[in-house]
2 protein chains.
Amino acid sequence: MTEPGTEGRDPEVVSKFVEGFAAQLVEAGMQRMPARVFAALLSSDPGSLTSAELGEQLQVSPAAVSGAVRYLAQQHMVAREREPGSRRERYRVSSNQWYEALTNRDAVLKRWEHALREGVDSLGAQTPAGRRLSETLAFFEFIDGEIARMMERWRVHRDQRYGADGAGHVG
Amino acid sequence: MTEPGTEGRDPEVVSKFVEGFAAQLVEAGMQRMPARVFAALLSSDPGSLTSAELGEQLQVSPAAVSGAVRYLAQQHMVAREREPGSRRERYRVSSNQWYEALTNRDAVLKRWEHALREGVDSLGAQTPAGRRLSETLAFFEFIDGEIARMMERWRVHRDQRYGADGAGHVG
DNA sequence: CGCTATCTTCAGAAATTTGTGAAGTTAAGG
DNA sequence: CCTTAACTTCACAAATTTCTGAAGATAGCG
């Protein structure tokens, strides 16, 4: 029987999930390497891996890992942490990671809204096109506010389920 | 010589919005040509253009328009309509289009959820990794339900703003 | 101080994606 | 039916993206 540590897992089973889930992310628009790295981290037992471990598991160069991790960090999809007393770095995900990423997603929405406002101004608020842009803008503004409230509800929901202090959940 | 749908408008102003907004969509992960076509439709006065009009405005071949429109139709981002008494086709957007597209987005979420469930099963629900996947799955299931209710609230909000029968808004 | 483990950057090869011209298909109109 | 306008498909060329190996930078450790 296998220990509940990283060592006792069937690498092929893990790899099958990693590649399958990554493929779904790719299909939804994510770049391939970031998707694979994220899936690998998500399905690791400690929730974090080093650059070397990622490179070995995914069979890619350190450079590829470096690029993917930089991208993921920018998107708030992974946290980088320095291992104390070592020059190694660990890349970490939590089960909460999508919440974090989505929360920081509204920067994109804000830019869309800005572009739409410019469009309304330059095409004329009274033109048919201007009105369409304006209504589209209203939708995004609505969504914007809703997402914030939705995330707050998720926090409550999760705390009820896993405990308000986070004890007993994976992190 | 003004094109239908661009009468009295400064093509350069229109183009500036189209390319700017398309660039934002591209940055968020959308393919370039679909993004440009969508932006062009959104900022047209009639809310619809023919293949030829799109090709001319964006300076691309009919083949490129065809490909972009097929993609957009699959994503529920444009509607195709046959012009009666003509062999021409019109591609249409409404200010409501993002609502439509987002509503149909949950097919993606469902596939993610499916992949995560497989992961929980194959890695073991009692392992740390399995628990993390399980909690991630719970988040998506929560989001799933929330989005449906959010869209219903948008419908109500929009009807209050523009009238329940849709009169007076751009379509 | 060097030594070396570790990550990052960079130029270029390889793979993928994207857009074109041309041929193919479909259907309106005579 | 035949012609022809209009969209679609396809093979290929061009542009872009992605990944690698190698060189470079950084920082712990002796």
Side-chain angles (χ1 to χ4, degrees), chain A residues 15 18-19 22-41 46 48-75 77-93, chain B residues 3-5 15 18-19 22-23 25-41 46 48-75 77-93:
Chain A
S15 175
V18 168
E19 299 305 331
Q24 294 293 334
L25 297 179
V26 167
E27 200 168 340
M30 195 169 180
Q31 293 160 14
R32 182 168 309 274
M33 192 60 64
R36 296 179 71 209
V37 167
F38 182 76
L41 289 170
S48 73
L49 295 169
T50 66
S51 177
E53 288 165 345
L54 283 167
E56 158 141 20
Q57 185 178 338
L58 302 176
Q59 286 295 302
V60 294
S61 70
V65 174
S66 176
V69 158
R70 178 171 20 146
Y71 173 83
L72 289 169
Q74 274 173 356
Q75 308 296 315
M77 298 285 289
V78 308
R80 322 170 75 116
E81 25 183 81
R82 239 343 182 319
E83 264 187 350
S86 160
R87 64 205 77 169
R88 212 173 284 158
E89 209 156 15
R90 300 193 71 84
Y91 307 112
R92 171 171 298 282
V93 296
Chain B
E3 296 301 317
S15 175
V18 167
E19 299 305 330
L25 297 179
V26 167
E27 200 168 340
M30 196 169 178
Q31 292 161 15
R32 182 168 309 275
M33 192 60 65
R36 295 179 71 207
V37 167
F38 183 75
L41 289 170
S48 71
L49 296 169
T50 66
S51 177
E53 288 165 347
L54 283 166
E56 158 140 21
Q57 185 179 338
L58 302 177
Q59 287 295 301
V60 295
S61 70
V65 174
S66 176
V69 158
R70 177 172 20 144
Y71 174 82
L72 289 169
Q74 275 173 357
Q75 309 295 314
M77 297 284 289
V78 309
R80 321 170 77 115
E81 25 183 80
R82 238 347 185 313
E83 264 187 349
S86 160
R87 63 205 78 169
R88 211 172 286 157
E89 209 156 14
R90 299 193 74 83
Y91 307 111
R92 173 170 297 282
V93 296

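Model, not experiment: these values are computed from the prediction. Chain identifiers are assigned alphabetically (A, B, ...) following the order of the sequence lines, protein sequences preceding nucleic acid strands; residue numbering begins at 1 within each chain.
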- Which residues within residues 26-40 of chain A lie with some heavy atom under 4.0 Å of an atom in DNA chain D? A:Gln31, A:Met33

Compile the donor-acceptor pairs under 3.5 Å between side chains in residues 61-69 of chain B and protein atoms, sequence neighbours left out, one pair per line.
unit_1	atom_1	unit_2	atom_2	d
B:Ser61	OG	B:Ala63	N	3.4
B:Ser61	OG	B:Ala64	N	3.2

- Task: Could you pull out all residues at least two apart from A:Glu56 that satisfy side-chain contact (heavy atoms from CB on, under 4.5 Å)?
- Result: none

- Message: Minimum heavy-atom separation for A:Leu54 and A:Ala40, please, with both atom names.
- Response: CD2-CB, 3.9 Å

- Item | Residues forming a side-chain contact (heavy atoms from CB on, under 4.5 Å) with B:Ala73, sequence neighbours excluded | B:Val78, B:Arg80

- Message: Tell me every residue that passes side-chain hydrogen bond (donor to acceptor under 3.5 Å, both in side chains) with B:Glu27, counting only those two or more places apart in sequence or in another chain.
- Response: none

- Query: Where along residues 59-71 of chain A does a heavy atom fall under 4.0 Å from DNA chain D?
  - Reply: A:Gln59, A:Val60, A:Ser61, A:Ala63, A:Ala64

- Go through the structure and list residues passing side-chain hydrogen bond (donor to acceptor under 3.5 Å, both in side chains) with B:Gln74, not counting sequence neighbours. none

- Query: Hey, does B:Arg88 reach any base, or is it just sugar-phosphate, or nothing, if we go heavy atoms under 4.0 Å?
  - Reply: sugar-phosphate

- Message: Students should find this one: the first and last nucleotides of DNA chain D, 5' to 3', lying under 4.0 Å from a heavy atom of chain B. What are they?
- Response: D:dT4 to D:dT9

Listing, residues 30-38 of chain B side-chain donor-acceptor contacts under 3.5 Å, not counting sequence neighbours, or none:
unit_1	atom_1	unit_2	atom_2	d
B:Arg36	NE	B:Glu19	OE1	3.2
B:Arg36	NE	B:Glu19	OE2	3.2
B:Arg36	NH2	B:Glu19	OE2	3.1
B:Arg36	NH2	B:Leu58	O	3.1

- For A:Arg92, what residues pass the side-chain hydrogen bond (donor to acceptor under 3.5 Å, both in side chains) criterion, not counting sequence neighbours? A:Ser48, A:Glu81

- Message: What is the first contacted nucleotide of DNA chain C and what is the last, in 5' to 3' order, if contact means an atom lying under 4.0 angstrom from a heavy atom of chain B?
- Response: C:dT18 to C:dG29

- Message: Restricting to side-chain hydrogen bond (donor to acceptor under 3.5 Å, both in side chains), what partner residues turn up for B:Glu89, sequence neighbours left out?
- Response: none

- To the nearest 0.5 angstrom, please state how far the CZ atom of B:Arg90 sits from the CZ atom of B:Arg82. 13.0 Å

- For A:Val93 and A:Met77, the nearest pair of non-hydrogen atoms, with its separation, is CG1-O, 3.6 Å

